[in-house]
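Step one of this worksheet: look at the structure below.
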Amino acid sequence: MDVEFRGRHEAKVVDGLVDAIVEVTETGSTLRAHNLRVVQEMMTTNPQLIANKAAWQDPGSAPRLNRCAVTQGCSQAEMMWVLN
């Protein structure tokens with residue numbers, strides 16, 4: 001059986017809808033907030049910011065891309081803007 005869930009995966013465990021989840025997490029704070037724990041770390045990731053040359057030259061895009069690249073800290077709104 002294939003089941004697809006979107007969003008709030010931690011709640012599915014808490015609600016008993018699933019036995020376990022595989023979650024990409026940076027700090028684990030959401031897991032702790034739901035009284036969950038990491039059973040096993042499966043991998044370490046290395047996120048990459050990839051943008052085309054036109055985006056780097058665009059006056060609207062370049063400052064946001066640069067901020068993400070230099071500080072390695074995009075706000076969620078900026079990241080959604082970059083991805084869209």
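Applying the side-chain contact (heavy atoms from CB on, under 4.5 Å) rule to N52 yields the partners A54, A55; only residues at least two apart in sequence or on another chain are considered. Contacts of D15 classified as side-chain contact (heavy atoms from CB on, under 4.5 Å), with partners at least two apart in sequence or in another chain: A11, L17. When the side-chain hydrogen bond (donor to acceptor under 3.5 Å, both in side chains) test is applied to E41, the partners found at least two apart in sequence or on another chain are T44.
Through direct or indirect side-chain contacts shorter than 4.5 Å among Ile, Leu, Val, Met, Phe, Trp and Tyr, V22 is connected to M42.
When every heavy atom of V13 is checked against every heavy atom of D19, the shortest pair comes out as CG1-O, 4.3 Å.
Note that the OG1 atom of T30 and the CG atom of L36 stand 10.0 Å from one another [nearest 0.5 Å].
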